[in-house]
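Letters go in sequence order (proteins before strands), and every chain restarts at 1. From a predicted model like this one, the values you see are computed outputs, not experimental measurements.
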Amino acid sequence: MKVNPEDSLKIENIVASAKVADELDLQMINEEIKDAEYNKKRFPGVVLRMQDPKIAALVFGSGKVVLTGAKSIDNLSRGLEILGEKLRALKLDIPTNLEYKVQNIVTSADLGSPINLNKIAVGFNLDRIEYEPEQFPGLVYRLEEPKVVVLLFGSGKLIITGGKETKDAKAAVIKIMSDLSNLGLI
Amino acid sequence: RLRKWQRRIRVSNATERNLAFALSELDRMASALGLPRNVRETAAVVYRDAVEKNLIRGRSIEGVAAAALYAACRQCNVPRTLDEIAEVSRVSRKEIGRTYRFISRELGLKLLPTSPIDYVPRFCSGLTLKGEVQSRAVEILRQAGEKELTSGRGPTGVAAAAIYISSILGGERRTQREVAEVAGVTEVTIRNRYKELAEKLDIEIIL
DNA sequence: GCTTTAAAAAGTAAAGT
DNA sequence: ACTTTACTTTTAAAAGC
């Protein structure tokens, strides 16, 4: 039995932002945490990497943080907790229940069969897609609802990005499938 | 008022000066690439349209001119790669590609992806191959397109592979090195593409 | 616009064996 | 030739140039 494309969804990366304090001494954090990376000339934030849930955190002097690399919402929450613990270990006053906001979710999916990108480029409204095989093998399809960007490959594999909720990817895949079947391309 | 008049003249002068510069840039790049007059004229039209729609704001004249030329080559079915345009331009391939996408969208150029077939005449003449070999390469590419062997692949690599195959079939063999040189791709790419074409199109190649 | 992070897709490329 | 590493595209936030 063939698996439905909407059931092949896999979250590959989640980006979220949070505020853990009103102010942070990046120089001190960089000196106290052994694997921290900080080159103010290069980038204004300190890079901290977690191992357990493999997540990277960008910590700024304003107390704001960016978390990236999480494969699930649970991983993301755990990563933020661990970040809080690391900072508290430096005698910093960090709240226990940190709030975060998901900014972007990258999801992969599989239509199950190869697709002809050239035909899609001809059949679709040309101002919603970009297909420049000279520069990139994927066809870029910008959806309005949900507001996400989908990369379609000749293999039938897809990447959905730009969404802020898990359901956006599923809605996008369902729409892509109906669009393709309406054009008789799948 | 006189001041308003002077201002208008000043703006007009600046606009004309910029347009003159852009047109001379288009001519310089077109000459360097040996492009025919119709392509230069098409590029000039694209550039003028971009100016009329105020698409130059926030962009360099050089970048828009290069993107207009890239678009014109495609419109006239004599495509040059972004790398080739970048070689005779002072802006990067990345900026030309970005600007091209922008003006293409805003002007509604609706250009279809470049076909590998459009590269065949130029690559074949660069390899001094007969029209017969050229026709066979085009036929291979036509079949490749039907069998979905081109989606996602670089047009120049597929064209190069088809020419490599047809040169062998036509008894005028060119090495992968020679074809790679004129097509601007690596030998590895030609190897990957030609093996795929030969296998899926059932073409027997005796080396 | 750029800088940095992460991640997938598939093609192309370069370097080392 | 093979493997490894890396760059192309997309997305979002952060502070600052």
- Message: Centroid separation under 6.0 Å, is that true for the rings of A:Phe60 and A:Phe43?
- Response: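 Ring centres of A:Phe60 and A:Phe43 closer than 6.0 Å.
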- Message: Measuring centre to centre across the rings, with the benzene-like ring taken for any Trp, is B:Tyr164 within less than 6.0 Å of B:Phe123?
- Response: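 No.
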Is there a residue in [range] whose heavy atoms reach under 4.0 Å of DNA chain C, and which residues are they?
| range | value |
| --- | --- |
| residues 149-165 of chain A | A:Leu151, A:Phe153, A:Ser155, A:Lys157, A:Ile159 |
| residues 41-72 of chain A | A:Arg42, A:Phe43, A:Arg49, A:Lys54, A:Ala56, A:Leu58, A:Thr68, A:Gly69, A:Lys71 |
| residues 175-197 of chain B | B:Gly184, B:Val185, B:Thr186, B:Thr189, B:Arg193 |

- Message: Taking the minimum atom-to-atom distance to the side chain of A:Ser17, which one of D:dT11, D:dA13, D:dT9 wins?
- Response: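 In terms of side-chain proximity for A:Ser17, the closest of D:dT11, D:dA13, D:dT9 is D:dA13.
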- Query: Taking the side chain of A:Asn104 as its heavy atoms from C-beta onward, which of C:dT5, D:dT9, D:dT11 lies nearest to it?
  - Reply: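 Comparing C:dT5, D:dT9, D:dT11 against the side chain of A:Asn104, the answer is D:dT11.
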- Task: With heavy atoms under 4.0 Å as the rule, sort A:Gly138 into base, sugar-phosphate or nothing.
- Result: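 Nothing, no heavy atom under 4.0 Å.
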Take the protein atom [atom1] of [X] and the nucleotide atom [atom2] of [N], then report the distance between them rounded to whole Å.
| X | N | atom1 | atom2 | result |
| --- | --- | --- | --- | --- |
| B:Asp83 | D:dC7 | CG | C1' | 13 Å |
| A:Ile129 | D:dT10 | CD1 | P | 14 Å |
| A:Leu111 | C:dA10 | CG | P | 11 Å |
| A:Glu132 | C:dA9 | CD | P | 23 Å |
| A:Phe136 | D:dT11 | CZ | C1' | 12 Å |
| A:Asn13 | C:dT5 | CG | P | 14 Å |
| A:Lys40 | D:dA14 | NZ | P | 18 Å |
| A:Asn39 | C:dT4 | CG | C1' | 10 Å |

- Query: Does C:dT12 have a Watson-Crick or wobble mate here (both distances under 3.5 Å), and if so which one?
  - Reply: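 By the stated definition (distances under 3.5 Å), D:dA6 pairs with C:dT12.
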- Please give the nucleotide sitting opposite D:dA15 as a Watson-Crick or G-U wobble pair, both distances under 3.5 Å, or none.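 With both distances under 3.5 Å, D:dA15 matches C:dT3.
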Salt bridge or not between [X] and [Y]? Use side-chain N to carboxylate O under 4.0 Å.
| X | Y | answer |
| --- | --- | --- |
| A:Asp35 | A:Arg49 | no |
| B:Lys195 | B:Glu199 | no |
| A:Glu134 | B:Arg153 | no |

Measuring only the [atom1] atom in each nucleotide, how far is [N] from [M]? A whole number of Å is fine.
| N | M | atom1 | result |
| --- | --- | --- | --- |
| C:dT3 | D:dC7 | P | 12 Å |
| C:dA8 | D:dC2 | C1' | 25 Å |
| C:dA13 | D:dT9 | P | 15 Å |
| D:dT3 | C:dA7 | P | 24 Å |
| D:dG16 | C:dA6 | P | 22 Å |

- Query: For residues A:Ser178 and A:Ser181, is any side-chain donor paired with an opposing acceptor at under 3.5 Å?
  - Reply: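 A:Ser178 vs A:Ser181: no donor-acceptor pair found between side chains.
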- Query: Does the side chain of A:Ser108 come under 3.5 Å of the side chain of A:Glu12 through a donor N or O and an acceptor N or O?
  - Reply: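 Checked: A:Ser108/A:Glu12 side chains pair up, N/O donor to acceptor below 3.5 Å.
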- For B:Lys110, does the NZ atom sit with more than 12 other heavy atoms under 6.0 Å from it, leaving out its own atoms?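 It does: B:Lys110 NZ has more than 12 such atoms within range.
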- Might you confirm whether atom CD of A:Glu144 has over 12 heavy atoms from other residues, nucleotides or ligands at distances under 6.0 Å?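 Yes, CD of A:Glu144 has more than 12 neighbouring heavy atoms, counting only those of other groups under 6.0 Å.
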- Message: Applying the side-chain hydrogen bond (donor to acceptor under 3.5 Å, both in side chains) criterion to A:Gln135, which one of B:Arg101, B:Arg93, B:Lys94 satisfies it?
- Response: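 Option passing the side-chain hydrogen bond (donor to acceptor under 3.5 Å, both in side chains) with A:Gln135: B:Arg101.
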- A:Leu185, A:Ile176, A:Asp179 screened by side chain to side chain contact (heavy atoms under 4.5 Å, CB included) with A:Ile120, the one that passes: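 Only one option passes, and that is A:Leu185.
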- Item | Along DNA chain C (nearest heavy atom to each residue), the more 5'-positioned of A:Pro133 and B:Arg98 |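 The 5'-side residue here is B:Arg98.
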- Query: Quick one: is the NZ or CZ of B:Arg80 closer than 6.0 Å to the six-membered ring centre of B:Tyr70, and within 45° of its axis?
  - Reply: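 Here B:Arg80 fails the 6.0 Å and 45° test against B:Tyr70.
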- Item | N/O (side chain, B:Arg93) to phosphate O (OP1/OP2, D:dC7) under 4.0 Å |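 No, no such contact exists.
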- Task: Determine, step by step, whether A:Ser17 and A:Gln103 satisfy the side chain to side chain donor-acceptor pair (under 3.5 Å) criterion, reporting the C-alpha distance in whole Å, the side-chain angles of both residues, the deciding distance to 0.1 Å, and the verdict.
- Result: CA-CA 7 Å; A:Ser17 58; A:Gln103 302 288 356; 2.7 Å; yes
